[in-house]
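Report on one structure; see the data block that follows.
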4 protein chains.
Amino acid sequence: MFAFRVLDRSGVPAYLQLVDQVRRGLLLGHLQEGDQLPTVRAVAAGLVINPNTVAKAYRELEHAGLAVARAGQGTFTTGKVEQVPAAAYARLSSRLRQWFSDAQEAGLAPEQVRAMIDAIMDDEQRRETA
Amino acid sequence: MFAFRVLDRSGVPAYLQLVDQVRRGLLLGHLQEGDQLPTVRAVAAGLVINPNTVAKAYRELEHAGLAVARAGQGTFTTGKVEQVPAAAYARLSSRLRQWFSDAQEAGLAPEQVRAMIDAIMDDEQRRETA
Amino acid sequence: MFAFRVLDRSGVPAYLQLVDQVRRGLLLGHLQEGDQLPTVRAVAAGLVINPNTVAKAYRELEHAGLAVARAGQGTFTTGKVEQVPAAAYARLSSRLRQWFSDAQEAGLAPEQVRAMIDAIMDDEQRRETA
Amino acid sequence: MFAFRVLDRSGVPAYLQLVDQVRRGLLLGHLQEGDQLPTVRAVAAGLVINPNTVAKAYRELEHAGLAVARAGQGTFTTGKVEQVPAAAYARLSSRLRQWFSDAQEAGLAPEQVRAMIDAIMDDEQRRETA
DNA sequence: GTGGTCTAGACCACC
DNA sequence: GTGGTCTAGACCACG
């Protein structure tokens, strides 16, 4: 099935984290069109959060056209997302993992790694906007 | 000086974004001990947000020991953060930028790039936790 | 300002009734772009329903692009709706009211009036679909 | 026979839509006392909904005294409803259809037509209540 | 004061 | 069993 996580630290609302994880799963091909998402109750129990929070995330996915809920049956993804081509994904993913392990070997703390990533993504985003 | 940004979409509270940006600046050496942060008013005007929000961010920074406010003078950083060594930073940064431009050349949308990064950071974090 | 109602009988969820009333207000020109909607708390107090229910309606309006919420300020409409031209509105509205009063004079109970309306709207909708 | 419809968008529970359609048929004389309703299975198959849902609607109709189920034979209406007199019905119905076609000619979208109807019915109901 | 998030728990509609 | 609606009430972010 599909495994969710919720990180309490980040300041990002839990329901948005769930939404992002599904969107990411679709973008990267880990989720395919028509796949069933875990039931609201299952996610709530697994992450020890309130079912309403999960339901809110699923509703948000419906609004975004990424999932449909069918009462009595469950919630299912719809593949309205352009997936990363598998070849590019494999290649880039492997290089990125390499980068991470190099950073770790260089003695960077996770916090420092994250800072570098964030800084560069910020730059990239500024470039797009400009 | 130091330039702040606030992204409305992300779900991260504005004041936390400001805090993170200062922390990141310190971690990466873009901010040095004793540097002056822009005034509350200047940030508020520049980002079109409420001065209270900026003030809250600066208060958090003080609380975290990353900055001190001197009445009538402004807010100044304190270097209580382990900076990434310049050499490692330069090397890793350049490789990461290379990775980004390759991803872009491979035709990945910004959204897809972000998804890959997030997915892999998620994995790394799981690894640490485990 | 703008006045909401909630009809308990209809079986339509309260939050959807609120959404429909705003949409209708925009369609008919009773609400203009940029008008402030009553605050969540005001609506909740006025209709004696839970603030969360009102918030849900307002969020739905945001998803539909019909309103935007600004924390600390309120919720405001956006005019992304094609309004009925005032002239046509006036003419048709008056004739329809005439029809209603004729139906009433003919001795039709409200329930019967509603049945006729529903039946004919059903027919129209079938015609569109076909 | 009698044809049911279910509109998924409206927010009205499917089983209530079925109940209302029978009630309306009786009010307008489209259904006469003793007429047989389509079998649960036929309705379920035709509308692609669960037979339980149809059964629930028929149960409600029995409860409201509008139909009776005869084991092994089917469900039949009972005429316990005050029908709209045929003359008034014909006259009002034709005028209302005229109004609809005028609205359409005036360029109103179905959504706008519905908005006008709803707004005026709302007003009427307020008047009754007042 | 505004809207937003989350919890806890009840009840309903649908399969 | 599934998802959906609503309530009550706490706490947070923003102006």
Side-chain angles (χ1 to χ4, degrees), chain A residues 6 8 11-18 36-44 47-62 67-76, chain B residues 6 8 11-19 44 47-57 59-60, chain C residues 6 8 11-18 36-44 47-62 67-76, chain D residues 6 8 11-19 44 47-57 59-60:
Chain A
V6 172
D8 282 326
V12 182
Y15 84 94
L16 273 184
Q17 296 185 36
L18 300 182
Q36 178 170 7
L37 295 176
T39 70
V40 168
R41 288 158 168 87
V43 176
L47 299 181
V48 195
I49 60 179
N50 192 287
N52 286 339
T53 301
V54 182
K56 187 175 191 175
Y58 280 15
R59 165 164 284 246
E60 210 74 9
L61 287 168
E62 280 212 83
V68 290
R70 289 199 279 270
Q73 302 191 90
T75 304
F76 301 82
Chain B
V6 171
D8 282 329
V12 182
Y15 85 95
L16 267 186
Q17 296 186 38
L18 300 182
V19 170
L47 299 180
V48 195
I49 61 179
N50 193 291
N52 289 338
T53 303
V54 183
K56 183 171 186 178
R59 229 180 303 129
E60 291 284 313
Chain C
V6 172
D8 283 327
V12 183
Y15 83 95
L16 271 185
Q17 296 185 37
L18 299 182
Q36 178 170 9
L37 295 176
T39 69
V40 168
R41 289 157 166 90
V43 176
L47 300 180
V48 196
I49 60 179
N50 192 287
N52 286 338
T53 302
V54 183
K56 187 174 189 175
Y58 280 14
R59 164 163 285 245
E60 210 74 8
L61 286 168
E62 280 212 83
V68 290
R70 290 199 280 270
Q73 303 192 89
T75 304
F76 300 82
Chain D
V6 172
D8 283 329
V12 183
Y15 85 95
L16 268 186
Q17 295 186 39
L18 300 182
V19 170
L47 300 181
V48 196
I49 59 179
N50 193 291
N52 288 337
T53 303
V54 183
K56 182 171 188 179
R59 231 179 301 128
E60 291 285 311

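Closest of all the heavy-atom pairs between Ala57(D) and Val19(D) is O-CG2, 3.6 Å. Across all their heavy atoms, Gly11(D) and Pro13(C) have their closest contact at O-CD, 3.4 Å.
For the pair Asn50(D) CG and dA13(E) C1', the computed distance is 11 Å after rounding to whole Å.
Within 4.0 Å (heavy atoms only), Arg59(C) reaches sugar-phosphate atoms of the nucleic acid but no base atom. As judged by a 4.0 angstrom heavy-atom cut-off over every strand, Gln36(C) is placed among residues making no nucleic acid contact. Using a 4.0 Å heavy-atom criterion, one finds that Ala55(A) contacts no nucleic acid atom at all. Among the heavy atoms of the strands lying under 4.0 Å from Glu62(A) are primed sugar atoms or P, OP1, OP2 only; no base atom is included.
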- So what is the 5' to 3' dot-bracket string for DNA chain F, if pairs are Watson-Crick or G-U wobble with both distances under 3.5 Å, crossing pairs use [ ] and | means the partner sits on another strand? ||||||||||||||.

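Mapped onto DNA chain F by nearest heavy atom, Thr75(A) and Ala14(C) fall at different nucleotides, with Thr75(A) at the one closer to the 5' end. Judged by closest nucleotide on DNA chain E, Pro51(A) is the one of Pro51(A) and Arg41(A) placed further toward the 5' end. Both Val40(A) and Val12(C) lie close to DNA chain F; mapped to their nearest nucleotides by heavy-atom distance, the more 5′-ward contact belongs to Val40(A). Nucleotides of DNA chain E nearest to Leu16(D) and Leu16(A) differ in position, and the one nearer the 5' end is that of Leu16(A).
Under the side chain to side chain donor-acceptor pair (under 3.5 Å) criterion, Gln17(D) pairs with Ser10(D), not counting sequence neighbours. Here Leu47(A) pairs with Phe4(A), Val6(A), Leu18(A), Val43(A), Ile49(A) under the side-chain contact (heavy atoms from CB on, under 4.5 Å) rule; sequence neighbours left out. Scored by the side-chain contact (heavy atoms from CB on, under 4.5 Å) test, Asn52(B) finds Asn50(B) as partners (sequence neighbours excluded). In terms of the salt bridge (charged side-chain N to carboxylate O under 4.0 Å, His left out) criterion, Glu60(D) has no residue partners (sequence neighbours excluded).
For the pair Leu61(A)/Thr75(A), no side-chain contact is recorded, criterion being any heavy-atom separation below 4.5 Å from C-beta on.
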- Message: Before you tell me yes or no, could you show the steps for Val40(C) and Tyr58(C) under side-chain contact (heavy atoms from CB on, under 4.5 Å), namely the whole-Å CA-CA distance, both residues' side-chain angles and the distance that decides it to 0.1 Å?
- Response: CA-CA 8 Å; Val40(C) 168; Tyr58(C) 280 14; 3.8 Å; yes

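Once rounded to the nearest 0.5 Å, the distance linking CZ of Arg59(C) with NZ of Lys56(A) reads 4.5 Å.
Taking 4.0 Å as the cutoff to heavy atoms of chain B, we find the contact window on DNA chain F bounded by dA13(F) to dG15(F).
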